[in-house]
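Attaching a single structure in structure tokens format; questions to follow.
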Amino acid sequence: MPTTPSSTPRPFDGLWLPLAVAVALGIAGPLLGGYLADLMVKVMVLAIFALSLQLLVGMTGLVSLGHAAYYGIGAYATVLGSGDGGGNLFWLLFLAMGGAALYALAVGLLSLRTRGVYFIMVTLAFAQMAYFVFHDTPIGGGSDGIYLYVRPAAGALDMENRTVLFYVVLAALVFTYGLLAVVRRSRFGAALAGIRVNEQRMRAAGFPTYGYKLAAFVLAGALAGLAGFLVAARDGVVNPEMLSWHISGEVLLMVILGGIGHLRGAVLGAVAFTLLKELLGTQALVGPLADHWQLTLGLAIIGFVALLPKGLVGLVKGRKP
């Protein structure tokens with residue numbers, strides 16, 4: 001029987017700080033004003049999206065440029081499954097994550113037979129295919145998108161209530177972070193780490209690397225679908241731009257900005273990227289440069305990458321997930 005390439009850390013090693021932050025957010029939630037609460041929900045949704053990509057990039061060594069496809073599919077599945085009268089929260093969550101996971105399975109079965117830049121281009125091609133399905137056909141309302149008339153609900157969990165929405169998103173973030181922390185400490189996570197370092201050696205040791213990578217790919221797609229479900233419930237509208245290549249590029253930038261290979265890095269990257277966009281697009285803070293926020297954002301990210309090659313997580317001493 002093959003042995004795992006690394007020992008298993010203690011179950012809760014390095015998780016106390018993220019747990020403390022989650023508790024603090026839970027306490028502060030009702031105290032936040034409308035703008036701050038909406039901004040925090042946006043950051044948490046993007047953190048889930050970034051964590052799903054971190055599973056591929058940081059934990060498995062698979063750089064995907066088509067991750068927005070699963071994000072968008074999750075959002076569209078939520079709206080299409082709701083209809084005009086709304087739908088059950090748990091059913092729509094299952095539909096969003098399941099639909100994204102199924103598409104990830106189809107993409108993974110083909111794309112994982114390639115490597116390097118070919119893998120990147122194949123994932124991008126599949127994402128663009130999904131984009132044009134929703135953009136050029138009436139199934140998703142064309143380029144205008146479609147609206148969610150009634151947000152998901154299940155008993156007291158009615159996401160029309162902004163406080164409920166905040167806590168549902170927070171719970172989803174805690175679940176995603178905790179799940180990936182458990183995965184990382186498992187034999188499965190150790191095998192993914194070995195594949196990232198030297199896939200050929202892992203195959204020689206008897207590990208079915210294709211199956212491991214496919215499982216990680218599907219799980220990452222399902223978690224991206226979870227983020228899509230939440231953004232659809234938050235905004236009440238979805239459009240094909242959610243599946244476009246630049247959204248995949250943005251979430252990849254979050255992972256790089258925060259620190260590749262660290263769960264905290266994905267969260268920090270989502271926070272930093274969102275705040276940079278907000279600050280650099282505010283005319284009261286940067287004046288006329290707010291009209292050119294894409295330029296200043298690009299320069300800021302270049303500066304961060306140059307000064308912090310290990311990402312923002314490199315500033316934190318305890319750099320365990």
Legend entry - Ring geometry between Phe217 and Tyr70 (parallel below 30°, tilted from 30 to 60°, perpendicular above 60°):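 Tyr70 and Phe217: perpendicular rings.
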Inset, instruction - Please check if Met129 and Leu102 belong to a single hydrophobic cluster, counting links between Ile, Leu, Val, Met, Phe, Trp and Tyr side chain heavy atoms closer than 4.5 Å. - result: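 Different clusters.
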Legend entry - Close side-chain approach of Ser82 to Val150, heavy-atom, < 4.5 Å: no
Inset, instruction - Verify the cluster assignment for Leu39 and Val231: are they in a single hydrophobic cluster under the rule of side-chain heavy atoms below 4.5 Å apart? - result: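 Yes, one cluster joins them.
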Inset, instruction - Might you point out which heavy atoms bring Ser244 and Ala68 nearest each other, and give the distance in Å? - result: O-CB, 3.7 Å
Inset, instruction - Measure the NE2-CG distance between His67 and Leu223 for me, rounded to the nearest 0.5 Å. - result: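 Here the rounded value is 8.0 Å.
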Inset, instruction - Group every Ile, Leu, Val, Met, Phe, Trp and Tyr by side-chain heavy-atom contacts under 4.5 Å, then state whether Leu55 and Val182 land in the same group. - result: no
Inset, instruction - Find out whether Val251 and Leu46 are in side-chain contact, i.e. whether some heavy atom of one side chain is under 4.5 Å from a heavy atom of the other. - result: no
Inset, instruction - Please determine if Arg234 and Asp38 form a salt bridge, counting it only when a charged side-chain N lies under 4.0 Å from a carboxylate O. - result: no
Inset, instruction - Please answer: with hydrophobic residues joined when any side-chain heavy atoms are less than 4.5 Å apart, are Val41 and Ile27 in the same cluster? - result: no
Legend entry - More than 12 heavy atoms from other groups under 6.0 Å of CD1 on Ile139: no
Inset, instruction - Kindly check if the number of other-residue, nucleotide or ligand heavy atoms within 6.0 Å of CZ (Phe94) is above 12? - result: no
Legend entry - Pair listing, salt bridge (charged side-chain N to carboxylate O under 4.0 Å, His left out) test, anchored in residues 238-251, at least two apart: Glu250-Lys277
Legend entry - Contact list for residues 132-155, test ring-ring contact (aromatic ring centres under 6.0 Å, His included), sequence neighbours left out: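 Every pair satisfying ring-ring contact (aromatic ring centres under 6.0 Å, His included) with a residue in residues 132-155: Tyr76-Phe134, Tyr131-His135.
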Legend entry - For Pro240 against Gly142, the heavy-atom pair lying closest together: CG-O, 3.3 Å
Legend entry - Same apolar cluster (I L V M F W Y, side chains within < 4.5 Å links), Val197/Val63: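 Cluster IDs for Val197 and Val63 differ.
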Inset, instruction - Determine the interplanar angle of the Phe207 and Tyr212 rings, folded into 0 to 90°, and report it as parallel if under 30°, tilted if 30 to 60°, perpendicular if over 60°. - result: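 Phe207 vs Tyr212 ring planes: tilted.
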Inset, instruction - Measure across Val271 and Val43 and return the closest heavy-atom pair with its distance rounded to 0.1 Å. - result: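 Taking Val271 first and Val43 second, the nearest heavy atoms are CG2-CG1, 3.5 Å.
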Inset, instruction - Check the side chains of Tyr210 and Glu199 for a donor-acceptor pair under 3.5 angstrom, ignoring hydrogens and angles. - result: no
Legend entry - Side-chain donor/acceptor of Arg151 to backbone N/O of Ala233, under 3.5 Å: yes
Legend entry - Distance, nearest 0.5 Å, that separates CG of Leu219 from CG of Leu56: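 Result: 9.0 Å between the selected atoms.
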Inset, instruction - Taking atom CZ of Arg201 as the centre, report whether more than 12 heavy atoms of other residues, nucleotides or ligands fall under 6.0 Å from it. - result: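 Open.
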